[in-house]
Amino acid sequence: MCLSALNPNTRAIVPGAPKVQQTTELQRPLQIPIHPQLLTLRTSQPTLEHHGTGYDLTNSVFSPDGRNFQVEYAVKAVENGGTSIGIRCKDGVVLAVEKIITSKLLKAGANKRIATIDRHVGAVSSGLVPDGRHFVSRARDEAASWRSTYKTPITTKDLASRMGGYLQAYTLYSSVRPFGITAIVAGWDSELELPVDGQVGSGPSIGSGGKVEGMTFGGPGLYMIEPSGMYWGYYGAATGKGRQTAKAELEKLDLAALKLSLQDGVKEAAKIIYVAHADNKDKEFELEMTWISNLDGPTKGRHQEVPKDILEEAENLAKKYLEGEDDEETKDDDKPAEGDKMEE
Amino acid sequence: MNHLPQAWGRPRDDIYGAYDSSYLQSHGPNQHTQQPIVTGTSVVALKFKDGVIIAADNLASYGSLARFTDVKRLRTFADTSVVGFGGDVSDMQYLDRLLTSLDTEEAYSSSGHTLNAHNLHTYLSKVFYKRRSDFNPLWNQILVAGLDGESKPFLASADLLGTTFSSPSLATGFGAHLAQPLLRKVAPDEEAAAKLSKEQALEAVKESMKVLFYRDARSLDNYSIAVITKDGIDLKENEKLEKQSWAFADQIRGYGTQIN
């Protein structure tokens, strides 16, 4: 259809050619039909400054060098969002977000950004807030449908897998756009054997279906899901504007050793959000934190907001740390070594 | 060969005659649950000055067979309520899952507000009433024990018909006949219940459980008991009836193998 619409004298140019090439000629990939209106737009405005080469105009299309531009633009949306982090501790998981205050008319503490997905799972995202809300809504549906099918809570890993698949589907069709968020999903899978919903008995103590001694179950889970649908499990995850700073701080914690306690994790999380915000000082922010402890811990395996007193204590420590860091910065240059010691 | 897939694997009409599918049709109206199958017996509960005590044994019977002996019939909700279930065990499991999803949905909003025992009882009684109005009842009698919106002791019952009832002491099933009079002696009205100490109330409930074990053939001497106060729920799920005395059994006439 497109081919026949072309002037036979027009020389087709392979897209992906450098944009310095000034041309009034058509730029179109050979195999991709382009709407005639689009062609006229391009030809009538030859000087139109555009970043891509036509491959970024719709979802689900590869560029010749194998990139999906729409997904990359979604990542840009994430990179401008408030910093979110998650820390996987030995006895729980912490989520924290730097909530940028966009107006003084907003009620302090309202408009939460971290959501409960199921009793034992929470999620936070950086990027477009409405996309994050839809992510949460879908994740809740997935968790509930898992419960109704298997009569057991969804594991953090399975939820991350389901949501990864969901986000990936939004890179495949031209009728949709990718999610403008990177989400961090945190959960605590019950360390008890067989946490079956509606279970009334305890089952046989020996024999078939009995107990295996020394067997362990559950534990902390932390996953980060990107607009492409890619997800990995992390010891510490960070996304949003301050992710580079936050990641650098997270790496200092040696989370892989799994020695950090949840109580200390909360303090570290507050500190990291404050440090990451230091590069973005002109905007005010609120720190929002939630946690999930093991069954013996403060939240008994449930996803809850960090209580006010603990949150305030962590914030005060974070502020104190920042002040100390500023002083050292101005006084001497040995700061990095000092800072490292303070992490221990 | 017959090219219609729905005929494959079926007796061939030309050999066996037309397939008789009459057994697949249901005649008359839809029939839902007509009777409970695996059942739990009584639940007893009593208010006292600081809270409520609720107890139920750990047995699930299949008819007269003591089928499951480790069944937990007390279920906690939101740190302030306990629901005790009598009647059909599978319906109890359904309600347990329903309450789990209710609790999950309550946790979505981070207002910190949770449903108290009063809210929970209202909700469950409406579930029961809806189901009996659909002619598909949930075959249970339940007691909801806990604290209401003003953190005062709350105790009420709901059953498969959607009937609700509230009293300082309550018992379902056989307990309504055997335990209720004993509990009423201890707490005839709200004023009397508001004067009861925890120890007095515990003694009365344990005594009721013992009498029920003596006289209810569908009961067990292993039981669960929960004390709900402002400090939270103290739930013990594997208690044993103490100081049983079967001396009275000699006096019983008219049952079993005895002749006179």
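This structure is a prediction, so every number in the text was calculated from the model and none was measured. Side-chain atoms are counted along with the backbone in the values below, which use heavy atoms only and exclude waters and symmetry mates.
When the shell of 6.0 Å around OH of Y129(B) is examined, it contains 12 or fewer heavy atoms from other residues, nucleotides or ligands. Atom CD of E191(A) sits in a crowded spot, with more than 12 heavy atoms from other residues, nucleotides or ligands closer than 6.0 Å. Within 6.0 Å of CD in Q244(B) there are more than 12 heavy atoms belonging to other residues, nucleotides or ligands. Around atom CD of E242(B), no more than 12 heavy atoms belonging to other residues, nucleotides or ligands sit under 6.0 Å away. Atom CG of D141(A) is surrounded by more than 12 heavy atoms from other residues, nucleotides or ligands within 6.0 Å. The number of heavy-atom neighbours closer than 6.0 Å to CZ of R67(B), taken from other residues, nucleotides and ligands shown, is 12 or below. The local environment of NE2 in H134(A) is crowded, with over 12 non-hydrogen atoms from other residues, nucleotides or ligands closer than 6.0 Å.
Among the candidates K151(A), K112(A), H120(A), Q304(A), the residue making the largest number of heavy-atom pairs closer than 4.5 Å to chain B is K151(A). Residue with the most contacts toward chain B among D197(A), V136(A), I117(A): D197(A) (heavy-atom pairs, distance under 4.5 Å). Interface remark: of the candidates E305(A), R140(A), H303(A), R140(A) forms the most heavy-atom pairs closer than 4.5 Å to chain B.
Both the backbone and the side chain of D103(B) come within contact range of chain A, with heavy atoms under 4.5 Å apart. Both the backbone and the side chain of Y108(B) come within contact range of chain A, with heavy atoms under 4.5 Å apart. Residue contact with chain A, scored on non-hydrogen atoms closer than 4.5 Å, involves the side chain of D96(B) exclusively. Looking at R147(A), the atoms closer than 4.5 Å to chain B (heavy atoms on both sides) all sit in the side chain, from C-beta outward. Contact of T104(B) with chain A is made through backbone and side chain together, with heavy-atom distances under 4.5 Å. For R302(A), the part lying under 4.5 angstrom from a heavy atom of chain B is the side chain only.
Distance CZ/R97(B) to CD/Q199(A): 10.0 Å, rounded to 0.5 Å. Between the OG1 atom of T116(A) and the CD atom of E105(B) there is a distance of 12.5 Å, given to the nearest 0.5 Å.
Using a 4.5 Å heavy-atom threshold, the side chains of V200(A) and R73(B) count as separate.
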